[in-house]
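A note on names: the letters A, B, ... follow the listed sequences, proteins ahead of strands, and every chain is numbered from 1. Atoms considered below: every heavy atom in the structure, side chains included; atoms not considered: hydrogens, waters and symmetry mates. Because the structure is predicted, anything quoted here is derived from the model rather than measured.
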2 protein chains.
Amino acid sequence: MESKVKISMKKESRDSKPTIVDVARLAGVSPATVSHVLNKTKRVTPETEEKVLQAVKTLRYQKNALASTLRSRNSQVIGFVTSQLHSIFWLRVIRAVEYTLSQNGYQMFLGCSYGDPARELELIESMLQSMVGGVIIATCINEINEKELPISPQIMNFLEERCVFVDTYPSGMNVDFVGVNNEEASFQLVELLLKKGYRRIAMVNGDSRILTARERRSGFFKALKEYAVSVDERYIFEGKNLGKRTGLEGANYLLSLDSPPEAVFLASGNLTVGFLEGCREKGVRIPGDIELVGFDDIEWTPVIEPFLTCCVQPSWDIGETAASLLLEKIQEKKEGRAKREVRLKCEVVIRNTFQKG
Amino acid sequence: MESKVKISMKKESRDSKPTIVDVARLAGVSPATVSHVLNKTKRVTPETEEKVLQAVKTLRYQKNALASTLRSRNSQVIGFVTSQLHSIFWLRVIRAVEYTLSQNGYQMFLGCSYGDPARELELIESMLQSMVGGVIIATCINEINEKELPISPQIMNFLEERCVFVDTYPSGMNVDFVGVNNEEASFQLVELLLKKGYRRIAMVNGDSRILTARERRSGFFKALKEYAVSVDERYIFEGKNLGKRTGLEGANYLLSLDSPPEAVFLASGNLTVGFLEGCREKGVRIPGDIELVGFDDIEWTPVIEPFLTCCVQPSWDIGETAASLLLEKIQEKKEGRAKREVRLKCEVVIRNTFQKG
DNA sequence: GTGAAAGCGCTAACAT
DNA sequence: ATGTTAGCGCTTTCAC
């Protein structure tokens, strides 16, 4: 008697959501059958299927994703670990990832390391504790260094089996990766300057331990070489990172030289923003006094001067491709398949003075 | 014998992470005790505590968050449902929310409804299925309408008990809310125009079923009234939403009038971007031909002309306050406490022509 | 202060 | 084709 009361208590309480057991009882079948109907994991007669679906409907049953994942070890959640949450570029990538995942019935964890490698690992670990199905990482780790940043074999294994890196990845790691053709696009931008006859061309870039910085730098040098222009070390400014501050510092440095450059290649959108601020402070007019080409578009270009010539990263495609690649990887269980490196192409957008030239 | 083999198999396999049982065994205590040590949920002698912590360390044990949440009904995950993922404003809010949550040991789900109310509800439901502890919502639902968009009592209850709305909320709902002083800030902006002597002042705004649009509109009218300026209906342009396109349409309309306005109040940052595009197309110079004040700053203002006078929303504070409020609400179990409405103040930034005036 | 046992809601293996 | 049973990894009574 006691137990019966308890059971009915449970069924009465309106704040607790219905479980698979409630559905089974109402449909007059076993919980296992309900599970099979909902997951299409075994054939069931149309008759019982109908009963189950009806019960689901009347109870407004929604399955508990946690219990399901815990038991089946199959999660419908993907984590996205980014290293910055500042630029419109990353916002677009996030949007594409979120959209692609949700279209496939997945949810997204979002975490930001703010450029701290240790924090990045913490985020990955905490996502693992929540049994995510996989992770997309915009890493801030340039190189695996067992001394400075030990990574457990478990994490290492996870990074290889259930991750996709975007934009950049730690050098020497064999991982799936989605990025852009940094070298080629940089080459094209610098070539525009060279074709126009400029020879005193500067570069503002970040630390070349960063993959993207390194590749863009390489494109710059390649172009100079192809046009037989010797490198003037005074025109090379390489700051700590690809951020705004570095751009500002680069402007302060380059614009103070005895013979300033005629043209500058800026290796990122944030660098460009900082560089423009520096120009403004120094009273240098853009366009006019100096010619700029930049990697990555800057948001406001369509609205107001200056219209900068740049290459536009396919930010949406980057996110979409990364998400699709990860889902594919997770769903086909082949553990040992070869890693893939996808390079999407940037579009070089020619604006302003170049149109006249 | 058979079972023993199985057990040892289990312990050998290196791909499975250690469980609380493994820790308990190694420390020579029961799983319950390990749980109590880790969660500080009961007093334990320092001696056994030490043993447990040691075992945790050597096994590199990390507790399974899913199992923990499933059993304790206490989740460390918060969902953020946004209605758009386009502007830098929302990026900042997201950043603040993510940061605040992670500082408190929480993880964040991110979902975007893209302005579709039905999708918004789906997102909330799927988060509920994952047993999130609470949700922060930038809603696109202006009004509860049982006919068009039925909301189950369960969801309704959840929205009231474990949610915080940001930026706007459905009219008539009694919920926790974090927003800004839309009316007051708009008043101040329009007052700047009035004090400078303008009388032919226009407004570009979104549909006033949207809370923010309504309040900003109200501030506009209040200012005109206070300065005894009668409203000229031709100068009121109210489009569908607060987006860029509406701003462009507003520019096309207002700049084509026989006697165009001398000054315009733009009720959002995106409206401003669109309006500027319209000005550019029509060859109207800003600043110069027409005076603008805008609600919400636009990203590039510090770098390039035009420097617009505007009010800056405290986007970081909005996100941080919303997250803190939600965590507080969840942690203090008082179910029936009064709802709170927090209004943060915008900073009016006076730039350009106003400085000379 | 500690442990045994039950159970959160689900799915997978094994019967029938 | 369906049901029975066990158990994912954890927390929580309730004994001792």
Side-chain angles (χ1 to χ4, degrees), chain A residues 2-3 6-7 9-11 13 15-52 55-56 59 61-76 128-131 133, chain B residues 2-3 6-7 9-11 13 15-52 55-56 59 61-76 128-131 133:
Chain A
E2 191 65 20
S3 68
K6 261 190 177 166
I7 289 168
M9 280 283 288
K10 175 122 184 247
K11 291 186 67 181
S13 77
D15 53 333
S16 71
K17 313 207 297 185
T19 75
I20 202 170
V21 178
D22 299 321
V23 175
R25 207 174 301 160
L26 182 57
V29 297
S30 77
T33 303
V34 175
S35 177
H36 287 137
V37 169
L38 295 177
N39 301 321
K40 304 186 199 308
T41 169
K42 251 187 187 173
R43 277 216 63 75
V44 172
T45 57
E47 200 173 41
T48 54
E49 179 172 358
E50 176 54 29
K51 282 192 295 184
V52 168
V56 164
L59 290 179
Y61 169 75
Q62 318 244 92
K63 91 168 162 193
N64 184 314
L66 261 47
S68 172
T69 301
L70 180 60
R71 182 63 238 248
S72 70
R73 344 226 85 213
N74 177 6
S75 169
Q76 299 285 100
L128 258 172
Q129 289 183 47
S130 293
M131 297 183 76
Chain B
E2 191 66 19
S3 68
K6 259 188 179 169
I7 288 169
M9 279 285 286
K10 177 122 184 247
K11 291 186 65 181
S13 77
D15 55 332
S16 71
K17 313 207 295 185
T19 74
I20 201 171
V21 178
D22 299 321
V23 175
R25 207 174 300 161
L26 182 58
V29 298
S30 77
T33 303
V34 175
S35 177
H36 287 136
V37 168
L38 296 178
N39 301 320
K40 303 186 200 309
T41 170
K42 249 187 187 172
R43 277 216 61 78
V44 171
T45 57
E47 201 174 41
T48 54
E49 179 172 0
E50 177 53 28
K51 280 191 295 182
V52 169
V56 165
L59 291 178
Y61 169 74
Q62 315 245 92
K63 92 170 159 190
N64 183 315
L66 261 45
S68 171
T69 301
L70 180 60
R71 180 65 238 250
S72 70
R73 342 227 87 216
N74 177 6
S75 169
Q76 299 285 99
L128 259 170
Q129 289 183 47
S130 293
M131 296 184 76

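When each of A:Gly28 and A:Leu70 is assigned the nucleotide of DNA chain D bearing its nearest heavy atom, the one mapping closer to the 5' terminus is A:Gly28.
For A:Arg43, whose side chain is taken as the heavy atoms from C-beta onward, the closest listed nucleotide among D:dG9, D:dA1, C:dG3 is D:dA1. Of the listed nucleotides (D:dT11, C:dT2, C:dG9), C:dG9 has the atom at the smallest distance from the side chain of B:Arg73. Out of D:dT12, D:dT2, D:dC10, the shortest distance to the side chain of B:Asn64 is found at D:dC10. Each of D:dC10, C:dC10, C:dT2 was ranked by its minimum atom distance to the side chain of A:Ser68; first place goes to C:dC10. Among the nucleotides C:dG1, C:dG3, C:dC10, the one closest to any side-chain atom of B:Val29 is C:dG3. When each of C:dG9, C:dC10, C:dG3 is scored by its nearest atom to the side-chain atoms of B:Lys42, the top-ranked nucleotide is C:dG3. When distances are taken from the side chain of B:Thr19 to each of C:dT11, D:dC10, C:dC10, the shortest belongs to D:dC10. Here D:dT2 is the nucleotide among D:dT12, D:dT2, D:dC10 with the atom lying nearest to any side-chain atom of A:Thr33. Side-chain proximity of B:Ser30 to D:dC10, D:dC8, C:dG3: nearest is C:dG3.
Rounding to whole angstrom units, CG of residue B:Asp22 and C1' of D:dC10 are separated by 13 Å. Atom CG of A:Asn74 and atom C1' of C:dC10 are 13 Å apart (whole Å). Put simply, CZ on B:Arg71 is 9 Å from P on C:dG7, counting in whole angstrom units. In this structure, A:Leu59 atom CG and C:dG9 atom P are separated by 14 Å, rounded to whole Å. In this structure, B:Ile20 atom CD1 and D:dT12 atom P are separated by 11 Å, rounded to whole Å. What separates CE of B:Met131 from P of D:dT11 is a distance of 13 Å, to the nearest Å.
The structure places CD of A:Gln76 at 7.0 Å from OG1 of A:Thr69, a figure rounded to the nearest 0.5 Å. The OG atom of A:Ser75 sits 9.0 Å away from the CG atom of A:Leu66 when rounded to the nearest 0.5 Å. Here the CG atom belonging to A:Leu59 is positioned 9.0 Å from the OG1 atom belonging to A:Thr19, to the nearest 0.5 angstrom.
Residues B:Val37 and B:Thr48 are not in side-chain contact: their nearest non-hydrogen atoms beyond the backbone lie 4.5 Å or more apart.
Terminal axes of the helix from C:dG1-D:dC16 to C:dT16-D:dA1 (five pairs each, C1' rotation axis) are separated by 40°, to the nearest 10°.
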